[in-house]
Amino acid sequence: MNKVYNLQEELKEHLRQIIIDLGCDKDKINVIIEEPKEKSNGDLATNCAMQLARELKKSPKMIAQEIVEKINKEEYNIERIEIAGPGFINFFMNNKYLTQIIKQVLTLNEQYGRSDTGKKQRINVEFVSANPTGDLHLGHARGAAIGDTLCRILDMAGFNVTREYYINDAGNQIHNLALSTICRYEQLLGKNSEMPEDGYYGQDIVDIAKKLNLLYGDKYLEDTKERYDLFRNFAKNYELEKIKVDLASFNVTFDVWSSEEALYKEHKVEEAIERLRNKGYIYESEGATWFKSSAFGDDKDRVLRKSDNSLTYLTPDIAYHIDKLDRGYDILIDILGADHHGYVPRLKASMECLTGDSDKLEALIIQMVRLIKNGEEYKMSKRSGKALTLKDLIDEVGVDAIRFFFVSRSSDSQMDFDLDLATKQSNENPVYYAQYAHARICSILRQAEEKKLESVLLDEYHLIDSDKAFEVLKKLAEFPKTVATGALKRAPHIITNYVIDLAQAFHSFYNAEKVINDEDIEKTGQLLALVKATQITLRNSLNLIGVSAPEKM
RNA sequence: GGGGCGUUAGCUCAACUGGAUAGAGCAACGGCCUUCUAAGCCGUCGGUUAAGGGUUCGAGUCCCCUACGUCCCGCCA
């Protein structure tokens with residue numbers, strides 16, 4: 001947390017004290033300080049006088065007047081204070097308030113933006129979790145970009161983050177993967193085999209079959225348990241490796257890869273049912289085993305074990321979430337596609353039943369992405385294997401542009417991904433706007449270095465005095481708070497907005513003012529410090545989105 | 001029928017626990033490169049925040065209602 005941000009907090013506390021002295025109930029006081037959009041309304045402002053009007057039974061303006069008289073301006077680097085409009089108190093800060101941020105940034109460097117907002121709470125974020133039955137596609141890309149960015153933000157805001165991928169490697173889909181692989185293998189060897197009903201028709205399955213053929217020849221033409229197990233595992237691992245490679249090239253990594261199959265092997269799935277049974281919320285009906293989830297807010301009860309004795313997908317998922325709780329996390333976040341949102345209440349019901357801790361689970365629902373090609377929706381079908389994969393997307397559009405695009409929209413909104421726009425007009429993507437600012441900065445710093453001009457480290461930069469420079473400084477100061485807000489609201493898109501704002505402030509400053517001036521080495525040194533601080537903040541914020549900060553463009 | 005999410009400028013989207021004149025990018029128009037990168041800057045144009053009602057000093061934001069879009073409502077995952 002930087003000094004400027006702390007100063008805001010201190011000022012808040014100062015105001016709180018003043019208000020209490022005016023005779024307000026201290027439990028009701030929630031002082032809000034904000035940075036007005038309109039700069040004629042000051043650098044900081046508070047609406048607290050208006051909020052107190054009713055309780056104190058005085059006009060907001062009078063209250064504001066009384067508050068202002070008691071404020072210690074010097075201690076909080078306040079130049080002057082105005083009361084405006086219906087009762088806003090506007091603070092105009094002095095040069096020291098803004099310029100001291102530079103030293104903070106330069107000193108903290110890549111740590112700038114960190115805060116202890118999360119209080120080291122242990123938080124587990126599960127995302128992507130695609131079945132290892134094929135390539136990742138567009139929807140996964142959005143989930144991956146948002147999930148990974150959220151993790152980076154949470155980490156910087158002081159949470160202890162675990163990134164987790166849950167591998168559904170025990171269900172029907174893996175079964176179909178195994179059968180599809182076997183079929184393709186047999187077809188390679190000249191047999192007229194038919195694909196299973198819900199088979200996977202992608203080229204990748206054919207590739208797997210070819211590899212198996214290469215390894216084992218025609219050894220596995222006969223239908224045996226051994227063949228099934230071998231092919232199943234081979235195909236699963238092949239697909240999983242492919243997913244890992246694609247994610248890595250998308251700058252996404254995980255700390256924990258959890259396996260559904262492992263839950264079975266460790267008997268955690270059976271155990272989950274028994275634990276629910278011991279609580280008295282399991283019953284048998286129509287030959288199936290039911291969980292009375294409606295007792296915990298679900299709209300109906302759910303089947304855990306079907307009448308054919310197999311388990312529904314919910315059952316291992318309950319075991320999985322209980323397992324996560326058992327591992328001691330304070331918060332669990334599931335990042336889910338919109339098509340799974342109805343799934344959350346039943347999962348929470350199980351957690352509530354077993355631990356009473358269902359509040360620890362948060363679901364971040366990500367709305368659907370439509371792929372637009374040639375001006376119309378491009379439907380992807382698993383059956384034909386026709387889909388736009390993450391890998392294709394990276395090759396055509398590039399990691400930076402994709403990540404920025406996906407993260408820049410609120411996850412609550414559906415979005416269209418227009419492929420033609422993304423590839424053809426990629427220069428118009430806002431990500432380049434931000435990266436360009438960084439490249440410009442690097443160019444300035446390179447030239448300064450050639451001229452042996454150096455930035456200086458000071459407590460106060462009295463030669464920095466232009467409005468454009470102050471706008472940049474204000475943005476720099478906002479960074480830690482922005483990260484904290486993004487973390488608490490689980491809203492990564494706040495960071496992309498910030499990046500654009502900061503880049504804009506810098507571009508504007510750049511055009512208005514020349515940094516390198518051989519005639520005035522002292523001022524150049526101070527401005528170079530500002531430029532460096534901007535570089536650091538831009539780099540740190542781009543890094544949160546997983547986007548590169550190029551030195552040249 | 002029930003529920004989740006959405007509806008803001010011509011297009012794609014913002015707007016921090018309710019705040020001051022609702023902002024960016026793209027598109028359109030007009031300026032700015034003998035000066036650190038013009039992938040840039042400055043300016044202009046563009047709005048009944050889907051419609052209607054309510055709450056209050058104050059609503060894009062909260063409540064109610066209607067319409068439209070989308071997703072879910074399985075002993076599929």
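The figures that follow rest on heavy atoms only: side chains count, while hydrogens, waters and symmetry mates do not.
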Atom [atom1], compared across [N] and [M]: separation rounded to whole Å:
N: B/U34; M: B/A24; atom1: C1'; result: 34 Å
N: B/G40; M: B/C33; atom1: C1'; result: 10 Å
N: B/A51; M: B/G69; atom1: C1'; result: 16 Å
N: B/A22; M: B/G60; atom1: P; result: 9 Å
N: B/A28; M: B/C11; atom1: P; result: 15 Å
N: B/G30; M: B/A20; atom1: P; result: 34 Å
N: B/G4; M: B/C64; atom1: P; result: 10 Å
N: B/G46; M: B/A9; atom1: C1'; result: 6 Å

Where does B/C33 land, syn or anti, once you apply the within-90°-of-0 test for syn?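 Here B/C33 takes the syn form, which means its glycosidic angle is within 90° of 0.
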Enumerate the residue pairs fulfilling ring pair (Phe, Tyr, Trp, His ring centres under 6.0 Å) with a member in residues 483-503 of chain A, sequence neighbours excluded, ordered by first and then second residue.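 Checked against ring pair (Phe, Tyr, Trp, His ring centres under 6.0 Å) - neighbours excluded - the pairs reaching residues 483-503 of chain A are A/Phe479-A/Tyr498.
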Is A/Arg440 close enough and on-axis enough to A/Tyr510, meaning under 6.0 Å and within 45°, for cation-pi?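 The answer is yes; both the distance and angle limits are met.
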Contact nearer the 5' end of RNA chain B, comparing A/Lys489 with A/Arg446: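 Result of the comparison: A/Lys489.
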So which protein N/O to nucleotides 66-68 of chain B N/O distances come out below 3.5 Å?
none

Please work out if A/Lys451 contacts a base, only the sugar-phosphate, or nothing of the nucleic acid, heavy-atom cut-off 4.0 Å.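 No contact.
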Base, sugar-phosphate or nothing for A/Glu551? Non-hydrogen atoms, less than 4.0 Å.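 The answer is base, as A/Glu551 lies within the cut-off (heavy atoms under 4.0 Å) of a base atom.
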Partners of A/Thr312 by side-chain contact (heavy atoms from CB on, under 4.5 Å), sequence neighbours excluded?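 Per chain and number, A/Thr312 pairs via side-chain contact (heavy atoms from CB on, under 4.5 Å) with A/Val303, A/Lys306, A/Leu314, A/Thr315.
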If the sugar-phosphate is the primed atoms plus P, OP1 and OP2 and the base is the rest, what is the B/S/- string for nucleotides 4-14 of chain B, using protein heavy atoms under 4.0 Å? BSS-----SSS
Taking the side chain as every heavy atom from C-beta outward, state whether A/Ile174 and A/Pro132 have any atom pair closer than 4.5 Å.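 Touching, per the 4.5 Å side-chain cut-off.
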Rounded to whole angstroms, how far apart are [atom1] on [X] and [atom2] on [N]?
X: A/Glu478; N: B/C16; atom1: CD; atom2: P; result: 13 Å
X: A/Gln447; N: B/C36; atom1: CD; atom2: P; result: 7 Å
X: A/Gln435; N: B/G40; atom1: CD; atom2: P; result: 12 Å
X: A/Phe404; N: B/C26; atom1: CZ; atom2: P; result: 13 Å
X: A/Lys475; N: B/C16; atom1: NZ; atom2: P; result: 13 Å
X: A/Phe88; N: B/U21; atom1: CZ; atom2: C1'; result: 12 Å
X: A/Lys532; N: B/C36; atom1: NZ; atom2: C1'; result: 16 Å

Examine the side chains of A/Asp400 and A/Gln435 and answer whether a donor and an acceptor come within less than 3.5 Å of each other.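 A pair is found: one side chain offers a donor N or O, the other an acceptor, under 3.5 Å apart.
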Please check if any side-chain donor atom of A/His340 sits under 3.5 Å from a side-chain acceptor atom of A/Asp334, or the reverse.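 No donor-acceptor contact under 3.5 Å links the two side chains.
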Could you list by number each residue of residues 503-513 of chain A showing a heavy-atom separation from RNA chain B of less than 4.0 Å, or answer none if no residue does?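 Those residues whose heavy atoms fall under 4.0 Å from RNA chain B, taken from residues 503-513 of chain A in numerical order, are A/Gln504, A/His507, A/Ser508, A/Tyr510, A/Asn511, A/Glu513.
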Look at [X] together with [Y] and state whether they make a salt bridge at an N to O cut-off of under 4.0 Å.
X: A/Glu270; Y: A/Arg305; answer: yes
X: A/Glu362; Y: A/Arg490; answer: yes
X: A/Glu13; Y: A/Arg16; answer: yes
X: A/Glu261; Y: A/Lys236; answer: yes
X: A/Glu471; Y: A/Lys474; answer: yes

Can you name the nearest heavy-atom pair linking A/Ser466 to A/Glu513, along with the distance?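 Answer, listing the atom of A/Ser466 first, then A/Glu513: OG-OE1, 2.8 Å.
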Derivation of the side-chain contact (heavy atoms from CB on, under 4.5 Å) call for A/Glu239 and A/Ile205: CA-CA 9 Å; A/Glu239 296 289 1; A/Ile205 310 297; 3.7 Å; yes
What residues, two or more places apart in sequence or in another chain, satisfy salt bridge (charged side-chain N to carboxylate O under 4.0 Å, His left out) together with A/Glu551?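 Listed in chain order: nothing, the list is empty.
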For A/Asp518, enumerate each residue passing the salt bridge (charged side-chain N to carboxylate O under 4.0 Å, His left out) test, keeping only those at least two apart in sequence or located in another chain.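 Counting only residues at least two positions away or on another chain, A/Asp518 forms a salt bridge (charged side-chain N to carboxylate O under 4.0 Å, His left out) with A/Lys451.
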A/Arg80: partners by side-chain hydrogen bond (donor to acceptor under 3.5 Å, both in side chains), with sequence neighbours left out: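 With neighbours one apart ignored, the set is A/Glu82.
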side-chain contact (heavy atoms from CB on, under 4.5 Å) partner of A/Gln526, the single match among A/Val456, A/Asp520, A/Val531: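 Only one option passes, and that is A/Val456.
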Should we count CD1 of A/Ile521 as having more than 12 external heavy atoms under 6.0 Å?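 No - once you tally the heavy atoms of other residues, nucleotides and ligands closer than 6.0 Å, there are 12 at most.
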Paired and unpaired positions of RNA chain B as dot-bracket, Watson-Crick or G-U wobble under 3.5 Å, | denoting a partner strand: (((((((..((((.....[...)))).(((((.......))))).....(.(((..]....))).))))))))....
Looking at A/Tyr432, I'd like to know whether one of its side-chain N or O atoms comes within less than 4.0 Å of OP1 or OP2 on B/A39.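 Indeed not, no polar side-chain atom of A/Tyr432 lies that close.
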Expected rows: protein N/O vs nucleotides 33-35 of chain B N/O, under 3.5 Å:
from: B/U35; atom 1: O2'; to: A/Lys514; atom 2: NZ; distance (Å): 3.4

Would you please name every residue forming a ring-ring contact (aromatic ring centres under 6.0 Å, His included) with A/Tyr166, sequence neighbours left out?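 Applying ring-ring contact (aromatic ring centres under 6.0 Å, His included) to A/Tyr166 gives A/Tyr320.
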Can you check side-chain hydrogen bond (donor to acceptor under 3.5 Å, both in side chains) on A/Asn168 and A/Tyr313, steps first, answer last? CA-CA 9 Å; A/Asn168 284 102; A/Tyr313 69 100; over 6 Å; no
Using a cut-off of under 3.5 Å, enumerate the N/O to N/O pairs linking the protein to nucleotides 74-77 of chain B.
from: B/G74; atom 1: OP2; to: A/Lys300; atom 2: NZ; distance (Å): 3.1
from: B/C75; atom 1: O2; to: A/Ser307; atom 2: N; distance (Å): 2.8
from: B/C75; atom 1: O2; to: A/Ser307; atom 2: OG; distance (Å): 2.9
from: B/C75; atom 1: N3; to: A/Ser307; atom 2: OG; distance (Å): 3.3
from: B/C75; atom 1: N4; to: A/Glu286; atom 2: O; distance (Å): 2.9
from: B/C76; atom 1: OP2; to: A/Lys306; atom 2: NZ; distance (Å): 2.7
from: B/A77; atom 1: OP2; to: A/Tyr313; atom 2: N; distance (Å): 3.0
from: B/A77; atom 1: O2'; to: A/Asn131; atom 2: ND2; distance (Å): 3.4
from: B/A77; atom 1: O2'; to: A/Gln173; atom 2: NE2; distance (Å): 2.9
from: B/A77; atom 1: N7; to: A/Tyr313; atom 2: OH; distance (Å): 3.4
from: B/A77; atom 1: N6; to: A/Tyr313; atom 2: OH; distance (Å): 2.3

